[in-house]
Trainee: 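Following this message is one structure expressed as structure tokens.
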Amino acid sequence: LYLGTHPETKLPTAIKVLSSRYMSHPDITKRFLDEAEIISRLNHPNIVKLYGHGQWEHGLYIAMEFIEGISLRQYLLRNPLSLKQALEFIIDISYALSH
């Protein structure tokens, strides 16, 4: 996973790369491309936006929206949640997953 810059918008962009050493594994490349295809079909505030995907000289890539922050695990370790807050998180995550 790399941090890049979108060439048109100049916004930070997350670039997920599948190394060329995995290009000879059809099941791995299919899963990687399926992930890009699934993200491209989604439009939800809690799911990153896809900017593009494809092949480059060293393998495959997926370019997507960069969301700055910390992981949910890190957040929960730093911020104890009330039951109400925990349920709100669960609902938001569930909506994104069901979408």
Side-chain angles (χ1 to χ4, degrees):
L1 198 57
Y2 297 95
L3 179 60
T5 303
H6 191 285
E8 296 168 9
T9 65
K10 307 301 183 214
L11 292 173
T13 302
I15 304 168
K16 185 175 182 178
V17 174
L18 182 66
S19 174
S20 60
R21 69 179 176 212
Y22 297 110
M23 295 297 287
S24 62
H25 300 273
D27 55 324
I28 294 174
T29 57
K30 181 180 180 333
R31 270 193 311 230
F32 191 84
L33 293 172
D34 287 349
E35 177 182 346
E37 183 62 33
I38 290 167
I39 296 170
S40 75
R41 294 183 195 161
L42 301 174
N43 183 15
H44 190 277
N46 293 332
I47 300 174
V48 296
K49 292 170 185 50
L50 181 77
Y51 293 148
H53 69 284
Q55 190 166 355
W56 64 303
E57 59 193 52
H58 299 290
L60 298 172
Y61 73 91
I62 300 172
M64 59 194 127
E65 178 182 21
F66 172 71
I67 306 295
E68 190 166 354
I70 60 176
S71 71
L72 177 59
R73 178 181 170 78
Q74 291 169 322
Y75 181 86
L76 293 174
L77 289 171
R78 294 179 188 174
N79 304 288
L81 298 179
S82 69
L83 179 59
K84 181 179 185 265
Q85 291 170 314
L87 290 172
E88 289 171 354
F89 272 44
I90 290 168
I91 290 170
D92 287 344
I93 292 168
S94 297
Y95 281 140
L97 289 171
S98 70
H99 185 78

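Heavy-atom basis, side chains included; hydrogens, waters and symmetry copies ignored.
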Trainee: Shared ILVMFWY cluster between Leu76 and Ile93, side chains joined below 4.5 angstrom?
Mentor: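 Linked within one cluster.
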Trainee: side-chain contact (heavy atoms from CB on, under 4.5 Å) between His53 and Phe32: does it pass, once the steps are laid out?
Mentor: CA-CA 10 Å; His53 69 284; Phe32 191 84; over 6 Å; no
Trainee: Using side-chain heavy atoms (C-beta onward) and a distance below 4.5 Å, is Met23 in contact with Leu60?
Mentor: yes
Trainee: Checking Glu35 against Lys16 for the side-chain contact (heavy atoms from CB on, under 4.5 Å) test, could you report, in this order, the C-alpha distance in whole Å, the side-chain angles of both residues, the deciding distance, and whether it holds?
Mentor: CA-CA 11 Å; Glu35 177 182 346; Lys16 185 175 182 178; 2.9 Å; yes
Trainee: So if you build clusters from Ile, Leu, Val, Met, Phe, Trp, Tyr with side-chain heavy-atom gaps below 4.5 Å, do Phe89 and Leu97 land together?
Mentor: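 Both belong to a single hydrophobic cluster.
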Trainee: Mind checking the OG-CD spacing from Ser82 to Glu88? Nearest 0.5 Å is all I need.
Mentor: 7.5 Å
Trainee: Could you check if a side-chain atom of Tyr95 sits within less than 4.5 angstrom of a side-chain atom of Ile90, using non-hydrogen atoms only?
Mentor: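 In short, these two side chains do not touch, never coming nearer than 4.5 Å.
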Trainee: As an exercise, state the distance from CG of Asn79 to CD of Gln74, rounded to the nearest 0.5 Å.
Mentor: 11.0 Å
Trainee: Tell me whether Ile47 is reachable from Met64 by hopping between hydrophobic residues (I, L, V, M, F, W, Y) whose side-chain heavy atoms are closer than 4.5 Å.
Mentor: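 Looking at the clustering, Ile47 is in a separate group from Met64.
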Trainee: When you group the ILVMFWY residues by side-chain heavy-atom contacts below 4.5 Å and let the links chain together, are Leu18 and Ile62 in the same group?
Mentor: yes
Trainee: How long is the span from the NZ atom in Lys30 to the CD atom in Glu37, to the nearest 0.5 Å?
Mentor: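 These two atoms lie 10.0 Å from each other.
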Trainee: Is the ring centre of Phe66 less than 6.0 Å from the ring centre of Tyr51?
Mentor: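 When the ring centroids of Phe66 and Tyr51 are compared, they turn out to be at least 6.0 Å apart.
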Trainee: Working to the nearest 0.5 Å, report the span between OG1 of Thr29 and CG of Asp34.
Mentor: 9.0 Å
Trainee: Kindly compute the distance separating NE2 (His44) from CD1 (Ile39), expressed to the nearest 0.5 Å.
Mentor: 14.5 Å
Trainee: Is it true that atom CG of Asn43 has more than 12 heavy atoms of other residues, nucleotides or ligands lying nearer than 6.0 Å?
Mentor: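 Atom CG in Asn43 is not packed in, count stays at 12 or less.
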Trainee: Under 3.5 Å, is there a donor-acceptor pair between the side chain of Ser19 and the main chain of Tyr22?
Mentor: no
Trainee: Of all heavy-atom pairs between Ser40 and Leu50, which one has the smallest distance, and what is that distance?
Mentor: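 Scanning both residues, the minimum pair turns out to be CB-CD2, 3.4 Å.
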Trainee: Give the intermediate values and the outcome of side-chain contact (heavy atoms from CB on, under 4.5 Å) for residues Arg31 and Ile28.
Mentor: CA-CA 5 Å; Arg31 270 193 311 230; Ile28 294 174; 3.6 Å; yes
Trainee: Please check if Ile15 and Ile38 belong to a single hydrophobic cluster, counting links between Ile, Leu, Val, Met, Phe, Trp and Tyr side chain heavy atoms closer than 4.5 Å.
Mentor: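 Each belongs to a different hydrophobic cluster.
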Trainee: Which atom pair, heavy atoms only, marks the closest approach of Arg21 to Ser24?
Mentor: O-OG, 3.9 Å
Trainee: May I ask you to check whether over 12 heavy atoms, not counting those of Glu8, lie within 6.0 Å of atom CD?
Mentor: no
Trainee: Walk me through whether Thr13 and Thr5 qualify under side-chain contact (heavy atoms from CB on, under 4.5 Å).
Mentor: CA-CA 5 Å; Thr13 302; Thr5 303; 5.8 Å; no
Trainee: Could you check whether any side-chain N or O of His25 sits under 3.5 Å from a backbone N or O of Asp27, counting only pairs where one atom can act as donor and the other as acceptor?
Mentor: no
